[in-house]
Amino acid sequence: MQFRDLKKQYEVLRPQMDAAMIEVAASSAYIGGPQVKTLEKRLAEYVGVKHCITCGNGTDALQLSLMAWGVGPGDAVFVPDFTFFASGEVVSVLGATPVFYDVCADTFNADPISLEKAIIAVRKEGKLNPKAVIDVDLFGLPADHENIAAVAEFYGLFFLEDAAQGFGGTLHGKRNGAFGDAAATSFFPAKPVGCYGDGGAVFTNSDDTAALIRSLCVHGKGSSKYDNVRLGMNSRLDTIQAAILHVKLDAFEKYELADVNKAAAMYNEALAGLDVILPTVPEGWGSSWAQYTLRLSDEARRDAVQASLSEQGVPSMVYYPKPMHTQLAFEGNRQYVPCPVTEELCRTVLSLPMHPYLDAETVSAVAEALKKALNG
Ligand SMILES: *Cc1c(COP(=O)(O)O)cnc(C)c1O
């Protein structure tokens, strides 16, 4: 059993996919080919924003956004404590200080109340300059963007949506990637829409931010690639990845997003009544189900259930085992407010196999294995 069945997906998409890849190989336009431009246009339209700038990966997309806003040493950037390392890493790499705040237990996502506490604490201490807020569409579910945006706006901070896992999710009819002054997504193969390698994109409605990012991702170019007006990086989406993403996006729009939601509904039904807490999608929210994540009663039980599932041939993952504020890499340059919810989640979460090609039989098999694991 696959945790995320990318092979199955390739088999289904094979004719279009092979044609798309060979077309790029034959064209020899490996960097900046026409597929990149058409993909950016298509992604911007899908998400519902003015600009999409593709780049090398989701981490770069986050970093480019912060660079465009001039984030650097002395600045505080507020980051959820329960996320993938990259959400905080980009802050530290730029010399700024990540300030970790807590999440909500039921959605796994940014808690606006904890965020405000963190901002007030930093302002009170008066050492760092509060600069930007990051929230994360964890596991495909939109964060509470409206309330996070309200807090960011009240304190005059930039707002960056980390939509690396959230492509396709919706909040009150608006798609993930359309929140924040900018949003970053990832096309890492296992994300809701993935390519065959690394890829990423920034979304923004701001002409200024878009222009800066277009410069920053090509060595800080000015009027041309050989006129360099600022320090940037080299971060591009390969033409072949853009061609692959066109095919993936066709499938995602036509049926994958619907099918992964059907898979979630099958899990919800099959696992109802078991001694686990199922993931919830609040009214008005829509998830793209990057993960289907359960909560168990305590760490020992979670670990025992994972071991039993593994013995029964069912892969599962702990996303994420460590709160960001405890990561060694941040030591010496980080702050945090109390994050008891994150600490509890790190002890109790368990993600099950999840992807649009999950069939009813596999869902039943996972449910049976989980029942055994819980009773064993
Ligand atoms: C995957 C991920 C990233 C980084 O994306 P890459 O494309 O792997 O660089 C950033 N933030 C979150 C929340 C992620 O899940």
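Worth knowing before you read on, the calculation uses all heavy atoms, side chains too, and leaves out hydrogens, waters and symmetry mates. Order of listing sets the numbers, starting from 1, for every ligand and every atom in it.
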A student checking ligand 1 against G58 at a 4.0 Å heavy-atom cut-off should list atoms 5 (O), 6 (P), 7 (O), 9 (O)
Quick check on contacts: which atoms of ligand 1 are under 4.0 angstrom from a heavy atom of S186? 5 (O), 6 (P), 7 (O)
By salt bridge (charged side-chain N to carboxylate O under 4.0 Å, His left out), D181 pairs with (sequence neighbours left out) none
Note: ligand 1 atoms sitting under 4.0 Å from heavy atoms of S87 are 11 (N), 13 (C)
Atoms in ligand 1 with a heavy atom of V136 nearer than 4.0 Å: 13 (C)
Which residue owns the protein heavy atom closest to atom 9 (O) of ligand 1, what's the atom, and how far is it? T59 OG1, 2.5 Å
Under a 4.0 angstrom heavy-atom cut-off, which atoms of ligand 1 come close to Q165? 13 (C), 14 (C), 15 (O)
Under 4.0 Å, heavy-atom basis, I'd like to know which part of D198 is in contact with ligand 1: side chain, backbone, both or neither. neither
For D162, which part has a heavy atom under 4.0 Å from ligand 1: side chain, backbone, both, or neither? side chain
Within 4.0 Å of some non-hydrogen atom of N57, the atoms of ligand 1 are 7 (O), 9 (O)
Is there any side-chain hydrogen bond (donor to acceptor under 3.5 Å, both in side chains) pair reaching into residues 366-376, and which pairs are they, with sequence neighbours excluded? E368-K371
Roughly how far, to the nearest 0.5 Å, is the CZ atom of F82 from the CZ atom of F108? 6.5 Å
Verdict with reasoning, E146 to K174, per salt bridge (charged side-chain N to carboxylate O under 4.0 Å, His left out): CA-CA 11 Å; E146 293 154 351; K174 202 163 146 181; over 6 Å; no
In ligand 1, which numbered atoms sit nearer than 4.0 Å to a non-hydrogen atom of T83? 13 (C)
Salt bridge R301-D275, side-chain N to carboxylate O under 4.0 Å: yes
Quick check against the 3.5 Å criterion: does S186 have a side-chain atom that pairs as donor or acceptor with the backbone of A164? no
Around K322, counting heavy atoms of other residues, nucleotides and ligands shown, do more than 12 lie under 6.0 Å from its NZ? yes
Is G200 near ligand 1, meaning one of its heavy atoms is under 4.0 Å from it? no
Salt bridge check, R347 against E344: does any charged N sit closer than 4.0 Å to a carboxylate O? yes
At what distance is the nearest protein heavy atom to atom 2 (C) of ligand 1, and which residue and atom is it? K191 NZ, 2.6 Å
